[in-house]
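Quick notes on the structure that follows.
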Amino acid sequence: MPDSTNKYYLTTPIYYVNAAPHIGHTYTTLAADTIRRFKRMQGFDAVLTTGTDEHGLKIERSARKTGKSPSEFTTIVSDEFRRQWKLLGLVDADTNPQDRFIRTTDPRHVQTVQELFLRNQENGYIYKRSYTGMYDVGEETFVQGAKPGDVSPVNGQPLEEVTEENYFFRLSAFQQPLLDLYTGQPDFVQPDFRRNEVMRFVEGGLEDLSISRGSISWGIPLPTDDGQVFYVWFDALSSYYTAVDGEGRWPADLHLIGKEILRFHAVYWPAFLMGAGWPIPRKVFAHGWLLFENDKMSKSRGNIVRAEPIHQVMGIEGLRYFLLREIPFGHDGSFSYDALVQRFNSDLANGLGNLASRTLSMIHQYRGGAVPAPPAGEDSALAAAAAQAIATAADGYEKFEFSRALEGIWTLISHVDKFIVERKPWTLAKADGPESAALLDDTLYGAAEALRVVAALCAPVLPATAQRLWDLLGCGASSTLPSQVRDVAWSSLQWGQLPAGSTVGTLADTPLFPRLKPEEVIPRMRELEAETAVAQARLLGKEPEPAEAPAVASETVTLSPPLADEITIDDFVKVDIRVGLVLSAEPVPKADKLLHLKVDIGEAQPREIVAGIALAYKPEQLIGRKICVVANLAPRKLRGLTSNGMLLAASLEGGSPVLAAFLEEVPVGARLK
RNA sequence: GGGCCCUUAGCUCAGCGGUUAGAGCAGCGGACUCAUAAUCCGUUGGUCGUAGGUUCAAAUCCUACAGGGCCUACCA
């Protein structure tokens, strides 16, 4: 049995292949890579899994639209993710033994999923039940309480009525065990405010979950019923297990995820595992979203950002630094090209890059390129600052507070800059006498040694830069230090380990981080971004989005849901739409969106109608207005009130409804046809 | 409707009961020259969302309100 005490296993989500990689995927993945690198330096045998989630009706349809088989289609997109992570130096399962890339279409994965199911079945947590409901194809989920004709609350696509025998997981049985988990293991869900959310959700009661789908073929078949395939989440979550199956690495130490998939990881997944009697992961950490200049990134807004263009212009390390330094990890954060370039210039070019440049240059000019020995005796004035930086960075990384860790490291950089100015090595170099020479030695050694510490501390976030700096300082060639900075052990990192006499390199021609001109670099990134968007669209077999799509135009183009199935005039005349006059309107208690209306449609008594328009209209705006009412719709209870009809309003996804109205006078009760 | 979080300098944030409220960036003035028009020093800038309350003491605790965000129920 492999020893599991010094192992650390973390995962990113496996990404859904219905979209090509964008900066949100990159954010999660680079954070995971940073954690993995830190854990490695702490002495853990750290393994990182990422991958692609490839099953489901949505994928099946996307594939078909492009004229490909699901298998061909998912391979193309999966390879794109793989290529991307390799290009950005994040995950490369081909060459790095610490990396895993799992696809849910991997044959090995079938076993895991079926096994997880069978264990749950043995333990009595699976049962079969007939179910009719409205199915949201996009979300691959039934929408509770929905009726024929409804659209998806998430994406506005029409729902489909599906009746089938499904296998259900007794999620309801796990309410108490889950609550015990959250209380017994308070850091199971992080950050704390997410834990609160999850706990309240679970306290509100859990309904059993359908975990199989009939009438879908693109999925993993149930071992007991080949007419059904597994629900995508049951399938996808299990991949974390498959990726390290047989390695003795389960349970995972950390699932790093975005906040939008918290429930699946913090509620469903541990419940599935408990049901099977398998160990549950130790921690789920949900980070926030990247907003684009404080707007949600979305295709319809045309403001999606991808990592590759940024990588091409400033290098991936600039992006890594920016995202981890600028945004407190766990919270939503704003991405903007201005802030990106600003951070790059002030912290990386002027800060770390310039310090390295001036230090190496002085060692060359004053000491022939060899690190001088510090005078024996008292500690360098920088030793305390370095110790402080080591402690702050370790604590920050440990808690995933990357911005705090980096802030601590940059405090040291700033100390060194001050130190150099105070010592004035350029004056010492001109002065005669052994005292000046000794002070100059001490100064140069201090600066170089501080940079060595900085290189080690930065290594999780800036791996390539750290290694370059490490080599420039001659550490890689020394006999007492590891040749790779990533092999430095945190526990032994301390002041004074840079051997005197090390030969240092030079940065004269190729600065660590060349200062960027925003007016040149930002347009360049935007240009490449547009090209990448087109290339990705082509890859997915979709119509390329218009480059730099203006918000208004794209909303009308991309947000309008596809047409419903064709109907005949006979179908249409079944719907009786009347002109009605709103007599009264009042809010419905305990409902944000509902208004209770009395509408005269020419009948003896006014109709009572409950409508979900409270966010768009105030009651007093409606009274006296003429509206359109579907008069022969079956009554329905809503929040305790019966609604006898439906009023017509237009809306787009997420937008507020706009009531249909007339420009000319119309008599109440007139029928629309 | 129920619940959670946030609101501190122009910007991003730290401080979470105890000296005159901090950092970085941006701005302004100066110094220096080893360095990537860099760095260093000095400096401008805040009624800590608003109003009450608890306390010897509140940005920090409590209540209400306003604005922003999120989870959840209700869109026939």
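Residue numbers begin at 1 in each chain, while the letters A, B, ... track the order of the sequences. These numbers were taken from a predicted model, which means no experiment stands behind them.
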Heavy atoms under 4.0 Å, any strand shown: does [X] hit a base, just sugar-phosphate, or nothing?
{"X": "Ser643(A)", "result": "sugar-phosphate"}
{"X": "Met362(A)", "result": "base"}
{"X": "Ala429(A)", "result": "nothing"}
{"X": "Asn354(A)", "result": "base"}
{"X": "Val610(A)", "result": "sugar-phosphate"}
{"X": "Leu512(A)", "result": "base"}
{"X": "Pro425(A)", "result": "nothing"}
{"X": "Lys418(A)", "result": "sugar-phosphate"}
{"X": "Arg404(A)", "result": "nothing"}

#### Entry: Plane angle bin for His265(A) and Trp233(A) - parallel if under 30°, tilted between 30 and 60°, otherwise perpendicular
perpendicular
### Task
Describe, in one word, how the ring planes of Phe285(A) and Phe400(A) are oriented to each other, choosing from parallel (under 30°), tilted (30 to 60°) and perpendicular (over 60°).
perpendicular
Could you check which nucleotide pairs with [N] in any of the strands shown, counting Watson-Crick or G-U wobble with both distances under 3.5 Å?
{"N": "C13(B)", "value": "G22(B)"}
{"N": "G67(B)", "value": "C6(B)"}
{"N": "C75(B)", "value": "none"}
{"N": "A57(B)", "value": "none"}
{"N": "A31(B)", "value": "U39(B)"}

### Query
With nearest nucleotides of RNA chain B determined for Leu355(A) and Trp289(A) from heavy-atom distances, which residue corresponds to the more 5′ nucleotide?
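Here Leu355(A) is the residue nearer the 5' end.
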Report the nucleotide, chosen from [options], that has the shortest atom-to-atom distance to any side-chain atom of [X].
{"X": "Arg200(A)", "options": "C4(B), C25(B), U39(B)", "value": "C4(B)"}
{"X": "Arg358(A)", "options": "C70(B), U39(B), C5(B)", "value": "U39(B)"}
{"X": "Asp347(A)", "options": "G24(B), U36(B), C34(B)", "value": "G24(B)"}
{"X": "Ser346(A)", "options": "C4(B), C25(B), C40(B)", "value": "C25(B)"}
{"X": "Ser361(A)", "options": "C4(B), C34(B), U36(B)", "value": "C34(B)"}
{"X": "Pro328(A)", "options": "C13(B), C25(B), C75(B)", "value": "C13(B)"}
{"X": "Lys430(A)", "options": "C75(B), C34(B), C40(B)", "value": "C34(B)"}
{"X": "Ser414(A)", "options": "C25(B), C70(B), C40(B)", "value": "C40(B)"}
{"X": "Pro511(A)", "options": "C75(B), C40(B), U36(B)", "value": "U36(B)"}
{"X": "Glu197(A)", "options": "U36(B), C71(B), U33(B)", "value": "C71(B)"}

Could you tell me the separation between the [atom1] atom of [X] and the [atom2] atom of [N], rounded to a whole number of Å?
{"X": "Asp332(A)", "N": "G68(B)", "atom1": "CG", "atom2": "P", "value": "16 Å"}
{"X": "Arg343(A)", "N": "C25(B)", "atom1": "CZ", "atom2": "C1'", "value": "7 Å"}
{"X": "Leu262(A)", "N": "C70(B)", "atom1": "CG", "atom2": "P", "value": "15 Å"}
{"X": "Glu203(A)", "N": "C71(B)", "atom1": "CD", "atom2": "P", "value": "18 Å"}
{"X": "Ile420(A)", "N": "U33(B)", "atom1": "CD1", "atom2": "C1'", "value": "13 Å"}
{"X": "Leu428(A)", "N": "C34(B)", "atom1": "CG", "atom2": "C1'", "value": "11 Å"}
{"X": "Arg325(A)", "N": "U12(B)", "atom1": "CZ", "atom2": "P", "value": "14 Å"}
{"X": "Phe513(A)", "N": "A37(B)", "atom1": "CZ", "atom2": "P", "value": "16 Å"}

### Task
For residues His255(A) and Phe264(A), establish whether the separation of their ring centroids is below 6.0 Å.
no
### Message
I want to know whether Tyr27(A) and Phe335(A) have ring centres closer than 6.0 Å.
### Response
no
Determine the interatomic distance between [atom1] on [N] and the same-named atom on [M]; round to the nearest Å.
{"N": "A51(B)", "M": "U12(B)", "atom1": "P", "result": "24 Å"}
{"N": "G3(B)", "M": "U20(B)", "atom1": "P", "result": "38 Å"}
{"N": "G18(B)", "M": "A59(B)", "atom1": "P", "result": "10 Å"}
{"N": "C65(B)", "M": "A9(B)", "atom1": "P", "result": "25 Å"}
{"N": "C62(B)", "M": "A26(B)", "atom1": "P", "result": "38 Å"}

### Query
Can you tell me how far the CG atom of Asp576(A) sits from the CG atom of Leu672(A), to the nearest 0.5 Å?
9.5 Å
### Task
State the CG-CG distance between Asn354(A) and Asn345(A), to the nearest 0.5 angstrom.
12.0 Å
### Query
Is it true that the side chains of Gln365(A) and Trp426(A) contain a donor and an acceptor less than 3.5 Å apart?
no
### Query
Is a side-chain donor-acceptor pair under 3.5 Å present for Thr465(A) with Arg320(A)?
no
### Query
Does Lys424(A) make a side-chain N or O approach to OP1 or OP2 of C34(B) shorter than 4.0 Å?
no
#### Entry: Below 4.0 Å: OP1/OP2 of U39(B) and any side-chain N or O of Asn350(A)
yes
### Query
Is it true that Arg367(A) and Asp441(A) make a salt bridge, defined as a side-chain N closer than 4.0 Å to a carboxylate O?
yes
### Stacking of Trp426(A) on C34(B) base (centres under 5.5 Å, planes under 30°)
yes
